[in-house]
Amino acid sequence: MTDSYDYDLFVIGGGSGGVRAARIASTHGAKVAIAEEYRYGGTCVIRGCVPKKLFVYASRFSHSFEDAAGFGWTVGEPQFDWSTLIVNKDKEIARLEGLYRANLDRAGVETFSDRAELTGPHTIKLTSDGREISAKTVLIATGGRPNVDTKLSGIEHTITSDEAFHLEKLPKRIVIAGGGYIAVEFAGIFAGLGVETTLIYRGEKILRGFDEDMRDVVTKAYGDHGINIVTNTVFTEIEKRGDTLVGHTSSGTALEGDQIMFAIGRSPYTDGLGLEAAGVKTSEYGAVVVDDEARTSAENIFAVGDVTDRVQLTPVAIREGHAFANRMYARQPRQVDYDLIPTAVFSSPEIGTVGLTEDEAVARHPNLDVFVANFRAMKATLSGSDERVVMKLLVDRETDRVVGCHIAGDSAAEIIQVVGTTLRMGATKADFDTTMALHPSAAEELVTMRTPTRRHGTVS
């Protein structure tokens with residue numbers, strides 16, 4: 001125990017970032033406690049990327065059954081049972097939550113299954129029993145939660161991604177509001193499970209912020225898969241007619257579904273945490289404002305992960321939590337590098353991306369070579385499907401350095417993780433060119449592209 005405080009460190013939030021920080025701080029000798037009001041594991045494990053990926057796997061079997069005939073398989077009429085998926089998903093999530101708790105216990109961290117609120121810079125109240133705890137240092141790691149348009153008439157009839165994981169039955173029709181990766185992923189999931197799916201988005205094209213070629217590939221594929229994408233409009237009212245929901249839009253159309261789901265981004269979960277009482281400043285969107293070392297405006301209070309609204313990715317939260325613990329309790333000054341973060345969209349086709357988009361690359365590197373390989377997937381040659389793979393390299397012509405890589409197709413996420421390592425090492429196009437191809441594979445296209453598809457800037 002340090003000074004007269006109950007703990008050296010108290011962590012609010014038992015998600016990936018908070019748990020990692022608590023464990024590492026404890027192994028460095030700090031006396032640590034952590035509180036989580038819902039379930040340990042946070043958004044990613046309980047109601048985010050892990051159950052979502054399990055749903056993605058389930059949805060892709062429908063395409064596999066279709067492809068099997070071209071390879072000589074006779075498959076009977078496939079039958080899907082939603083309740084079986086939910087039960088098995090819940091078992092896996094419970095197992096993972098148990099691992100999170102066990103890892104905290106092994107590290108010597110005291111855990112509380114309770115909501116924690118700050119009552120001052122060094123004091124925390126557990127709301128269930130009113131117990132007040134003191135800590136020399138506090139880490140806020142409460143993550144985020146789905147956005148909803150609370151002013152929209154009928155919003156109470158809709159669901160978010162949180163509820164989508166626990167639906168009692170699979171809807172026959174669903175309308176999903178949003179165009180980001182969560183909306184796009186769930187559209188692919190439900191469509192793959194046989195649900196009539198509509199995606200409504202306020203912008204002109206889904207997946208804003210991703211490379212244009214990747215956006216185009218997914219848009220076309222979703223249209224081919226029967227997903228109705230409605231752009232440049234938003235809901236103005238949600239009407240309930242018996243078991244049917246009707247979403248009235250700003251373009252004057254009406255979209256019907258058994259469920260209407262909002263996936264319009266996530267916001268930092270800071271409501272009611274007592275931040276003002278502790279002297280912690282937040283942005284206009286409610287995000288905790290931190291410096292490069294994760295310190296808030298209160299000297300002894302820090303924050304990591306989605307609650308800071310910097311990069312909303314689980315590995316980033318984990319890295320931030322680990323770096324915080326090392327700095328505070330092992331005197332290891334280590335900054336978190338936010339450049340070249342590999343990212344995936346688990347759509348169908350899958351997207352993997354690292355580095356700059358083409359638009360970003362042209363702005364930073366005016367003399368840019370763009371290499372694009374667009375080809376039919378080998379598996380599609382016998383299955384008869386129109387599945388294609390698109391791979392893209394962006395090369396700064398002045399240095400020959402690869403500044404961006406984007407892939408759409410099977411295993412894109414697996415490939416891009418390795419490509420991310422090469423880009424961090426400063427790989428050049430010459431390095432890619434002199435790497436021996438692995439044949440037959442889709443990934444070999446990354447090292448066999450020789451002629452630029454297009455060139456920006458001055459070409460000598």
Side-chain angles (χ1 to χ4, degrees), residues 1-26 29-43 45-47 93-94 97-98 100-146 150 162 266-282 286-290 294-308 317 321 324-325 328-329:
M1 186 183 302
T2 302
D3 300 327
S4 57
Y5 299 108
D6 297 324
Y7 298 97
D8 297 312
L9 173 66
F10 194 98
V11 180
I12 303 177
S16 298
V19 167
R20 176 60 65 90
R23 287 176 52 212
I24 300 303
S26 185
K31 184 178 182 182
V32 183
I34 184 170
E36 167 57 47
E37 65 179 279
Y38 183 49
R39 298 176 68 182
Y40 280 88
T43 296
V45 172
I46 305 300
R47 53 191 177 276
I93 299 309
E97 183 187 12
Y100 267 68
R101 287 180 175 273
N103 287 337
L104 287 167
D105 290 341
R106 279 195 292 269
V109 178
E110 187 170 357
T111 58
F112 297 98
S113 296
D114 203 340
R115 176 176 172 81
E117 298 175 358
L118 291 163
T119 55
H122 294 278
T123 51
I124 306 99
K125 180 180 179 180
L126 299 178
T127 60
S128 290
D129 61 9
R131 177 180 174 184
E132 190 163 89
I133 294 170
S134 64
K136 182 177 182 180
T137 302
V138 176
L139 179 68
I140 301 169
T142 48
R145 56 182 175 178
T150 56
D162 285 358
R266 299 178 66 85
S267 294
Y269 183 28
T270 54
D271 293 349
L273 283 181
L275 301 183
E276 185 175 343
V280 176
K281 292 181 180 179
T282 58
V288 177
V289 178
V290 294
R295 191 185 301 271
T296 72
S297 52
E299 186 177 0
N300 70 297
I301 300 178
F302 297 77
V304 297
D306 290 2
V307 75
T308 66
F324 157 79
M328 287 295 296
Y329 301 105

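By convention here, the first residue in the shown sequence is residue 1. All heavy atoms count here, side chains included; hydrogens, waters and symmetry mates do not.
- The OG1 atom of Thr282 sits 9.5 Å away from the CG atom of Asp271 when rounded to the nearest 0.5 Å.
- In terms of heavy atoms, Ile133 sits closest to Phe10 at CD1-CE1, 3.8 Å.
- A donor-acceptor pair under 3.5 Å is formed between the side chain of Asp6 and the backbone N or O of Ser134.
- Between Pro268 and Val288 there is no side-chain heavy-atom pair separated by less than 4.5 Å.
- The side chain to side chain contact (heavy atoms under 4.5 Å, CB included) test with Ile34 singles out one residue from Thr111, Leu9, Ile12, Leu139, and that residue is Thr111.
- In terms of the side-chain hydrogen bond (donor to acceptor under 3.5 Å, both in side chains) criterion, Thr142 has no residue partners (sequence neighbours excluded).
- Separating the CD atom in Glu110 from the OG atom in Ser26 is a distance of 11.0 Å, to the nearest 0.5 Å.
- Ring geometry, Tyr7 versus Phe112: the interplanar angle exceeds 60°, so the pair is classed perpendicular (tilted spans 30 to 60°).
- Checking side-chain atoms of Thr270 against main-chain N and O of Gly286 turns up a donor-acceptor pair under 3.5 Å.
- Closest non-hydrogen pair, Ala21 versus Ala325, comes out as O-CB, 3.6 Å.
- Taking every heavy atom of both residues into account, Gly321 and Arg20 meet most closely at C-CG, 4.5 Å.
- Looking at Thr137 and Tyr329, their side chains come closer than 4.5 Å, going by heavy atoms from C-beta outward.
- With rounding to the nearest 0.5 angstrom, the CG atom of Leu275 is 10.0 Å from the CD atom of Glu117.
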With a cut-off of 3.5 Å and sequence neighbours excluded, list every side-chain donor-acceptor pair involving residues 295-303.
{"residue": "Arg295", "atom": "NH1", "partner": "Glu299", "partner atom": "O", "Å": "2.3"}
{"residue": "Thr296", "atom": "OG1", "partner": "Ala298", "partner atom": "N", "Å": "3.1"}
{"residue": "Thr296", "atom": "OG1", "partner": "Ala298", "partner atom": "O", "Å": "3.2"}
{"residue": "Thr296", "atom": "OG1", "partner": "Ile301", "partner atom": "O", "Å": "2.8"}
{"residue": "Ser297", "atom": "OG", "partner": "Gly279", "partner atom": "O", "Å": "2.7"}
{"residue": "Ser297", "atom": "OG", "partner": "Lys281", "partner atom": "N", "Å": "2.8"}
{"residue": "Asn300", "atom": "ND2", "partner": "Pro121", "partner atom": "O", "Å": "2.7"}
{"residue": "Asn300", "atom": "ND2", "partner": "His122", "partner atom": "ND1", "Å": "3.3"}
{"residue": "Asn300", "atom": "ND2", "partner": "Lys136", "partner atom": "O", "Å": "3.2"}

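- Between the side chains of Tyr100 and Glu36, not a single donor N or O lies within less than 3.5 Å of an accepting N or O.
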Does the side-chain contact (heavy atoms from CB on, under 4.5 Å) test come out yes or no for Arg266 and Thr43, once each step is laid out? CA-CA 11 Å; Arg266 299 178 66 85; Thr43 296; 3.3 Å; yes
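- A donor-acceptor pair is defined here as one N or O able to donate and one able to accept, closer than 3.5 Å; such a pair exists between the side chain of Glu97 and the backbone of Tyr40.
- Closest heavy-atom contact between Arg115 and Leu273: NH2-N, 3.8 Å.
- Counting heavy atoms from C-beta on, the side chains of Val138 and Leu118 come closer than 4.5 Å.
- A pairwise comparison of heavy atoms in Ala22 and Val109 identifies O-CG2, 3.5 Å as the closest pair.
- Salt-bridge check for Arg131 with Asp114: failed, with every basic side-chain N at 4.0 Å or more from each acidic carboxylate O.
- Across all non-hydrogen atoms, the minimal contact from Val32 to Ala25 is CG2-CB, 3.9 Å.
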